[in-house]
2 protein chains.
Amino acid sequence: MEELVRPNINTTPVELMPDFQFALSVDCVIFGYDEGVLKVLLIESDLPAYKGQWSLLGDLLRHDEDLDEASYRVLRERTGLTDMFLEQVKTFGAVNRHPAGRVLTTAYLALVNVKDYQLKKKENALQWKPVSEIQTMAFDHRLILDTSLTVLQRKIQEEPIIFNLLEKKFSLRDLQHVFEQILGVEFDRRNFRKKLFTTGLLTDVNEMEQQVRHRPGRLYSFNQKAYEQIKRKTFVGLQF
Amino acid sequence: MEELVRPNINTTPVELMPDFQFALSVDCVIFGYDEGVLKVLLIESDLPAYKGQWSLLGDLLRHDEDLDEASYRVLRERTGLTDMFLEQVKTFGAVNRHPAGRVLTTAYLALVNVKDYQLKKKENALQWKPVSEIQTMAFDHRLILDTSLTVLQRKIQEEPIIFNLLEKKFSLRDLQHVFEQILGVEFDRRNFRKKLFTTGLLTDVNEMEQQVRHRPGRLYSFNQKAYEQIKRKTFVGLQF
DNA sequence: GCTGAATTGTGTACTTTGTACATTATATAT
DNA sequence: ATATATAATGTACAAAGTACACAATTCAGC
């Protein structure tokens with residue numbers, strides 16, 4: 001078989017092996033919900049090949065760090081946030097995806113509360129771009145963004161992660177609007193409320209919206225403990 | 001910021017960069033359904049550190065191949081199969097996961113028809129092991145297997161990929177049994193049939209089971225075209 | 001303090017989907 | 001001919017999803 005005659009990890013000292021000549025990076029697709037719009041945090045590419053184009057926030061993997069740690073480090077270093085929803089999406093490994101050599105990248109999906117971020121930001125080169133307005137991007141980052149958005153759409157229907165995009169206390173209108181923004185559909189307001197209440201995941205915090213120019217709505221918080229109990233009874237059913 | 005003073009792809013020739021010293025592999029979690037049991041195709045590890053332990057089928061990524069291609073190559077070289085369900089699951093990147101150095105691996109989920117495979121197999125070192133009987137494995141392969149199984153459980157409920165485990169023509173009993181094996185639940189037979197028929201994805205091939213020691217059931221095939229039409233109307237709904 | 005604008009909060013009838021459950025029919029093995 | 005194993009089928013009830021309308025509250029502007 002072909003692979004038996006090629007140098008491999010059993011036949012060759014590591015430092016001489018052509019197999020150990022890959023670079024790895026992580027790229028974070030950081031979603032935020034701001035003023036009724038789904039946005040993603042981008043930076044202008046610093047690579048000549050992609051001058052002026054928008055790029056995801058990423059960095060090369062270091063030798064002494066786990067892949068998951070690297071994504072966490074990028075988030076922390078670039079946004080100052082340390083406690084966010086962060087999950088691996090997919091690894092992109094096309095041969096020519098990076099002009100500097102064979103660099104594969106693992107995409108991570110992050111959901112942050114834009115209000116938290118704004119208090120701590122340090123870099124002005126970063127921008128929250130509305131997802132719907134993004135055209136071309138550097139590298140294969142447009143593909144990565146599209147893939148991550150699809151994953152986000154699926155995941156918010158399966159797990160209550162959407163609350164990571166909102167403040168601790170939120171109105172049902174905000175909650176419904178984030179769903180609608182991400183999924184690109186509209187829900188009936190009464191049915192949406194009914195559905196959310198019957199999940200038992202909302203806690204009424206007995207406060208009202210402030211500074212709205214209409215009748216203020218009640219505020220709710222996500223009840224994490226209730227979810228921990230519910231999620232053990234894993235749903236089983238076919239839906240294709 | 002810390003990363004600005006480290007060597008990076010903008011400041012250093014590629015061949016000298018410490019960042020280009022990673023190896024990447026793909027590992028295929030190849031599921032098959034055989035004699036009523038969910039099995040996975042494994043090989044005994046050839047690494048001294050894991051002598052005698054079971055390992056997933058994998059290989060190092062080559063410099064001139066895409067990541068997806070590498071997984072396809074492993075499947076083809078090891079099983080002779082060229083047309084199977086194959087999808088990336090996740091990349092595992094713990095620092096010390098491989099004894100020979102910093103090797104990250106991307107896991108791929110494959111679903112094959114065991115009958116097809118048996119006609120073409122060449123390697124005797126490979127074995128179909130019942131998933132329920134697997135204990136420890138080499139490297140972090142047990143973690144990879146568990147992760148992939150969870151992904152499989154989710155995906156068969158969302159997309160009609162389970163047919164890849166069966167022969168082209170199958171009985172409803174077989175279909176139900178695969179679902180039950182993978183999900184670890186039991187369905188009511190009448191309700192299961194009703195559900196499957198109403199999906200419109202089954203074509204009655206007007207044949208009966210052969211060589212069964214009881215009344216033979218009708219055989220069906222998966223109607224791919226019907227699915228292509230249905231899947232555009234993406235289901236939207238909350239289910240947590 | 002009245003009016004208009006915007007949005008909240010609520011309930012019911014209907015449809016669709018899921019669930020529980022038992023009997024007759026057909027093929028094989030002996 | 002009989003026993004065994006499984007196929008094929010329908011109905012009543014429960015649960016969940018959907019469509020839909022009106023009164024109440026707050027703010028802004030006059």
Review point. Would a distance-only check, ignoring hydrogens and angles, find a side-chain to backbone donor-acceptor pair under 3.5 Å from B:Ser45 to B:Gln53?
Key: no
**Study point:** Main-chain N/O of B:Leu143 paired to B:Asp140 side chain as donor or acceptor, under 3.5 Å
**Key:** no
Review point. Should B:Trp54 and B:Ile134 count as side-chain neighbours, where that means a heavy-atom distance under 4.5 Å?
Key: no
Measure the distance from [atom1] on [X] to [atom2] on [N] and round it to the nearest whole Å.
| X | N | atom1 | atom2 | result |
| --- | --- | --- | --- | --- |
| A:Arg193 | C:dG11 | CZ | C1' | 13 Å |
| A:Glu209 | C:dA6 | CD | P | 16 Å |
| A:Leu172 | C:dA6 | CG | P | 21 Å |
| B:Gln176 | D:dA8 | CD | P | 12 Å |
| A:Glu186 | D:dA19 | CD | P | 13 Å |
| A:Gln210 | D:dT25 | CD | C1' | 14 Å |
| A:Phe192 | C:dT7 | CZ | P | 16 Å |
| A:Gln239 | C:dG18 | CD | C1' | 13 Å |

Review point. Between B:Phe197 and B:Tyr220, is the ring centre distance below 6.0 Å?
Key: yes
Check your understanding: Mind checking whether B:Phe163 and B:Phe170 have ring centres under 6.0 Å apart?
Key -> yes
Revision key, fill the gap. Contacts of A:Asp188 and B:Ser171 projected onto DNA chain D by closest heavy atom; the upstream (5') one is B:Ser171
Practice item. Decide side-chain contact (heavy atoms from CB on, under 4.5 Å) for A:Asn113 and A:Asn164; before the verdict, give the C-alpha distance in whole Å, the side-chain angles of both, and the deciding distance to 0.1 Å. Key: CA-CA 6 Å; A:Asn113 178 347; A:Asn164 291 286; over 6 Å; no
Practice item. Locate the shortest heavy-atom distance separating A:Phe235 from B:Gln157; write the atom from each residue and the value. Key: O-OE1, 3.5 Å
Point to revise | Passing candidate, salt bridge (charged side-chain N to carboxylate O under 4.0 Å, His left out) with A:Glu207, options A:Lys169, A:Arg218, A:Lys168 | key: A:Lys169
Check your understanding: Within the pair A:Lys195 and D:dA16, is there a side-chain N or O less than 4.0 Å away from OP1 or OP2?
Key -> no
Point to revise | Touch class at under 4.0 angstrom, heavy-atom based, for A:Arg218 against every strand present | key: sugar-phosphate
Review point. Looking across every strand, which nucleic acid part, if any, lies under 4.0 Å from A:Arg173 by heavy atom: base, sugar-phosphate, or nothing?
Key: sugar-phosphate
Check your understanding: Once each nucleotide of nucleotides 22-30 of chain C is scored for protein heavy atoms under 4.0 Å, what B/S/- sequence comes out, 5' to 3'?
Key -> B--BBBS--
Review point. Any idea how A:Phe139 and A:Tyr50 line up, ring-wise: parallel (<30°), tilted (30 to 60°), or perpendicular (>60°)?
Key: tilted
I'd like a table of atom pairs between the protein and nucleotides 12-15 of chain C - only N or O on both sides, under 3.5 Å - with the distance next to each one.
from   : atom 1 : to       : atom 2 : distance (Å)
C:dT12 : O4     : A:Lys194 : NZ     : 3.3

